[in-house]
2 protein chains.
Amino acid sequence: MATRGRPRTFDPETALQQATQLFWERGYEGTSLSDLATAMGIASASIYHAFGSKADLFRQVMERYGTTYGSPPKRALTEHATTREAVQAMLRATADQITRADAPHYCMLILAAPTGTVENHAVREFLADIRRSQYAAIKERLDRGVADGDLSMPLDTVDALARYYATVVQGLSIQARDGATRDELEAVIDCALAAWDQVAGAASPAGVSAGAHTTDTRSA
Amino acid sequence: MATRGRPRTFDPETALQQATQLFWERGYEGTSLSDLATAMGIASASIYHAFGSKADLFRQVMERYGTTYGSPPKRALTEHATTREAVQAMLRATADQITRADAPHYCMLILAAPTGTVENHAVREFLADIRRSQYAAIKERLDRGVADGDLSMPLDTVDALARYYATVVQGLSIQARDGATRDELEAVIDCALAAWDQVAGAASPAGVSAGAHTTDTRSA
DNA sequence: ATGTTTGTTTAGTGATTGCCAAACAAACCT
DNA sequence: AGGTTTGTTTGGCAATCACTAAACAAACAT
């Protein structure tokens, strides 16, 4: 089918890229529509025509963000043979992404809107949902490790370990935001992986569950 | 000296407390002066008279926050005999504070203003400075442990371990914000302390220093 | 050529932002 | 009582917010 009507004067992909840069630097509420219009090179009315509302634009920005900047850590999680290597690669890919010279030194998913006005509650929960799916992705990889016989531990320890590495990933963004270097993050990751060797490498995870203490004496 | 002039009609401490609640829930930029005036029960002009600007008020709120809600983790760090116990107590006190039923489930210092408008850059750096001093406090405790003969490791490993636990503390706030329970945080803390046993408990910390990292898989 | 469709800009909407001058109020002072 | 000092409120500042109606522009259709 041929294109009807007046053709676009801007490239939507380029415009989303420019919007990404602003939202990334200033967060959701810190970015105004006039800021966006200027950066995207079009009138604000064109933004509404092309992308809907500010919240809609942000959702499309985040979708693109997930398939570009957010992709390496996700791929690292699935594309390594052993679970430990996968987690290590995921952490290192995260550190790479949040210390890039050409972008803000943190993950937009984590810091673009952790708090804010009451009226933007839905946007914050939209981001929180994605973050919770990040945890779920880590947990799935650990579950796969258990299924592979690669990882041996009680079920609730798998949950804890997955949440633990999600916590580390999120903490790394604050560190990088506050000026930590790539090398400093690498040292943090080394410490975080030392926990792996203790919890998953040893026979027993030394009281990792909060409730009943179940001692698992199986060896790997 | 007797009090000159018209007396205050509100208690500054109570007013700061009410301002704290709002800034805590909505962050710095998410809280408006009219919101604050309503919550504090006074006109916005009185806020300026008593506290200066919005940024000044926020700084006073954070100062009070540090000596109240922020106090238990800090005290835990200094009031325990062994370094490991101190770190564990600090982490648990943090988890306690960010899952209180009477307050938002995160640390205001970490999530009140990680990103935002260009004009509020100074407020964000004010918070970042305090966060960096948190890392410094952890590092001081570890240094003391080394001095006490309580902890034995290379100097750069002490740096890494301090930054690592700062990372965990900050990650915990995102986790609690996104709905993690106190028990789930406890399980995360157990994992984080397993790293201690591996890095500080064992003889050598398995390459914790900032060495070569070759993971960079950045995409366009 | 005229109409339809789609995208653009102009020019605004009402609401809200942080902030402040000026008037008013309540205490103490001499 | 009159003056001084301090704190309060009223009223409104200019700027910005997210958003949109309406006019204009550029393509295709018939």
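The model shown is predicted, which means the values in this text are computed figures rather than measured ones. Numbered from 1 within each chain, the chains take letters A, B, ... in sequence-line order. Only heavy atoms go into these numbers, but all of them, side chains included; no hydrogens, no water, no symmetry mates.
- Residues B:P114 and B:R124 are not in side-chain contact: their nearest non-hydrogen atoms beyond the backbone lie 4.5 Å or more apart.
- The side chain of B:T3 places no N or O atom within less than 4.0 Å of a non-bridging phosphate oxygen (OP1 or OP2) of C:dA27.
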So which protein N/O to nucleotides 22-25 of chain D N/O distances come out below 3.5 Å?
residue	atom	partner	partner atom	Å
D:dA25	O4'	A:R6	NH1	3.1

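- Spacing between atom CG of B:D11 and atom P of D:dG7 amounts to 14 Å, rounded to whole angstrom units.
- Side-chain N or O atoms of B:Y164 include none that pairs as donor or acceptor with a backbone N or O of A:L185 at under 3.5 Å.
- Rounded to an integer number of Å, the gap from B:R4 CZ to D:dT5 P is 6 Å.
- Distance CG/A:L57 to CG/A:L33: 7.5 Å, rounded to 0.5 Å.
- Checking side-chain atoms of A:R132 against main-chain N and O of B:D178 turns up a donor-acceptor pair under 3.5 Å.
- For CD of A:E125, the number of neighbouring non-hydrogen atoms (other residues, nucleotides, ligands) closer than 6.0 Å is greater than 12.
- Atom P of nucleotide C:dT9 and atom CD1 of A:I42 are separated by 7 Å, given to the nearest angstrom.
- Between atom CG of residue A:D156 and atom CD of residue B:E184 there is a gap of 11.5 Å, rounded to the nearest 0.5 Å.
- The side chain of A:S46 contributes an N or O atom lying less than 4.0 Å from OP1 or OP2 of C:dT8.
- As rounded to whole Å, 16 Å separates atom P of C:dA26 from atom CZ of B:F10.
- Ring-plane geometry between B:W24 and B:Y65 is classed as perpendicular, the angle between the planes exceeding 60 degrees on a 0 to 90 degree scale with a lower cut at 30.
- Contacts between residues 49-62 of chain B and DNA chain D, counted as heavy-atom distances below 4.0 Å, involve B:H49.
- Looking at A:T99, its side chain never comes within 3.5 Å of a backbone N or O of A:T181 through a donor-acceptor pair.
- Residues from residues 14-38 of chain B lying near DNA chain D, meaning a heavy-atom separation below 4.0 Å, are absent.
- Following rounding to the nearest Å, B:R8 (CZ) and D:dT6 (P) show an atom-to-atom distance of 12 Å.
- Of the side-chain N and O atoms in B:Y48, none sit less than 4.0 angstrom from OP1 or OP2 of C:dC20.
- Listed candidates were C:dA26, C:dT10, D:dT20. Nearest to the side chain of B:P7 is C:dA26.
- Using modelled atom types, one side-chain atom of B:R141 and one backbone atom of B:L77 make a donor-acceptor pair closer than 3.5 Å.
- Ion pairing of A:R182 with A:E186 is present here, as a side-chain N (NZ or NE/NH1/NH2) and a carboxylate O approach within less than 4.0 Å.
- Ring planes of B:Y28 and B:F23: parallel class, angle under 30° (limits at 30 and 60°).
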